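Below is one structure; the comments refer to it alone.
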Amino acid sequence: MVHSSCILSLICVWFPLATACYSGRVSKENNSVPLLQDFKVKLSPGFIQLTWHCNITKSMEELQYNVDLQSGHLEELNVSRCSFEYDIHKSIEFIVHKGLSVELQVCSGSELLYIGKQLTYMPEGKNNSAAENFACVIYNVYIMNCSWTVGKEAPEDVQYSLVLWQKKKNIDCQQYRCDSFGRQVGCVFNHPNINYGSKVYVEVRGLSNQTSVQFFDKVYWPIKDGKVILDPPSNITLTYRSDDLEIKWEKPEIQSEPDSCFMYNININNKEVM
Ligand SMILES: *[C@@H]1O[C@H](CO)[C@@H](O)[C@H](O)[C@H]1NC(C)=O
Ligand SMILES: *[C@@H]1O[C@H](CO)[C@@H](O)[C@H](O)[C@H]1NC(C)=O
Ligand SMILES: *[C@@H]1O[C@H](CO)[C@@H](O)[C@H](O)[C@H]1NC(C)=O
Ligand SMILES: *[C@@H]1O[C@H](CO)[C@@H](O)[C@H](O)[C@H]1NC(C)=O
Ligand SMILES: *[C@@H]1O[C@H](CO)[C@@H](O)[C@H](O)[C@H]1NC(C)=O
Ligand SMILES: *[C@@H]1O[C@H](CO)[C@@H](O)[C@H](O)[C@H]1NC(C)=O
Ligand SMILES: *[C@@H]1O[C@H](CO)[C@@H](O)[C@H](O)[C@H]1NC(C)=O
């Protein structure tokens with residue numbers, strides 16, 4: 001009994017310390033803490049890449065450098081590596097096409113020495129050139145039909161491509177739909193290997209020979225955010241038994257349970273039987 005509570009309290013105390021220092025009062029003067037030089041943030045679909053100048057001193061190696069991404073995702077940096085990559089496909093927790101907020105923190109053990117300003121970094125490319133209005137419709141479980149619109153400021157020759165990610169696996173578009181200018185503005189997936197009950201990371205990249213085009217990304221939850229159009233119930237049988245009429249049917253094909261999501265309507269038109 002004593003042992004297990006010891007273990008429990010150790011876990012409770014040590015777990016947060018391993019990833020963050022106490023966010024109490026900043027205990028040192030700003031300028032006495034060595035900071036990372038040339039700190040850069042590059043945003044691309046599904047990835048955040050941080051880089052800094054590699055002139056790391058011994059005293060810097062003894063400190064702990066953390067970044068807080070999008071106000072809530074604290075990551076520890078190994079300063080000697082001079083770069084850090086965050087793979088959004090793994091967690092599918094946030095999007096970056098509208099920019100990413102980054103806050104640097106420096107700790108020594110559990111002591112917070114420095115909190116930097118929260119800075120917002122933007123992806124490269126012409127503003128308003130990314131795909132917009134992304135939405136999907138799922139028909140009869142096996143067809144997923146997605147569409148988007150061309151960015152307001154996108155160059156005329158823009159070409160978009162769509163990739164979905166789930167469980168670190170990419171699902172490329174199978175069949176694009178084009179607008180009258182030949183620009184890809186939709187995609188049909190036939191029997192995609194997607195679990196509609198969990199999150200999907202959506203990437204729409206844009207290419208042009210005229211200018212650099214911004215990407216679009218989205219955390220998409222097909223059965224919550226999408227429109228699901230199912231087949232009607234099948235195998236409807238009617239059985240008359242003296243004064244009773246029994247109506248039975250089978251539920252349409254679905255990808256995942258639970259059944260409790262189903263609601264049926266019965267309309268009985270009282271017409272004379274010939
Ligand atoms: C660090 O210094 C800057 C400018 O001197 C100041 O604006 C900022 O509030 C300081 N931050 C902390 C955490 O002391
Ligand atoms: C690292 O190099 C930059 C120039 O790239 C310089 O400004 C900075 O003072 C150097 N920092 C350290 C800790 O040596
Ligand atoms: C940090 O990176 C360096 C260089 O790649 C490596 O030798 C070191 O073991 C890493 N430290 C930690 C704590 O992972
Ligand atoms: C693009 O949009 C961002 C945020 O809306 C703005 O800060 C930036 O100045 C814009 N860039 C250009 C070139 O218009
Ligand atoms: C997908 O949606 C588009 C536009 O909403 C429509 O024109 C197209 O016929 C649909 N394709 C399929 C296979 O349902
Ligand atoms: C860019 O130009 C090349 C060569 O003319 C062409 O093959 C390619 O399709 C163009 N790309 C786009 C996105 O327009
Ligand atoms: C339709 O329902 C009946 C009665 O429940 C059953 O015997 C039959 O196998 C079902 N047919 C199909 C195609 O599911």
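In listed order, ligands and their atoms are each counted from 1. It should be emphasised that the depicted structure is a prediction, and the values quoted were computed from it without experimental measurement.
Asp87 places a side-chain N or O within 3.5 Å of a backbone atom of His89 that can act as its donor or acceptor partner. Trp148 contributes no side-chain N or O that, together with a main-chain N or O of Ala135, makes up a donor-acceptor pair within less than 3.5 Å.
Residue pairs meeting the disulfide (SG to SG under 2.5 Å) criterion with at least one partner in residues 58-103, sequence neighbours excluded, are Cys54-Cys82. The disulfide (SG to SG under 2.5 Å) contacts involving residues 184-228 comprise Cys173-Cys187, where partners must be two or more places apart or lie in separate chains.
Ligand 3 has a nitrogen or oxygen under 3.5 angstrom from a nitrogen or oxygen of Asn78.
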Validation: residues 176-183 side-chain donor-acceptor distances under 3.5 Å, sequence neighbours left out:
from, atom 1, to, atom 2, distance (Å)
Tyr176, OH, Leu162, N, 2.8
Arg177, NH1, Asn145, OD1, 2.9
Arg177, NH2, Cys146, O, 3.3
Asp179, OD1, Phe181, N, 3.0
Asp179, OD1, Gly182, N, 3.2
Asp179, OD1, Arg183, N, 2.9
Asp179, OD2, Arg183, NE, 3.0
Asp179, OD2, Arg183, NH2, 3.1

Side chain to side chain contact (heavy atoms under 4.5 Å, CB included) between Tyr65 and Leu36, worked out: CA-CA 9 Å; Tyr65 291 76; Leu36 303 175; 3.9 Å; yes
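Protein neighbours of ligand 6 below 4.0 Å, counting non-hydrogen atoms: Asp157, Leu207, Ser208, Asn209.
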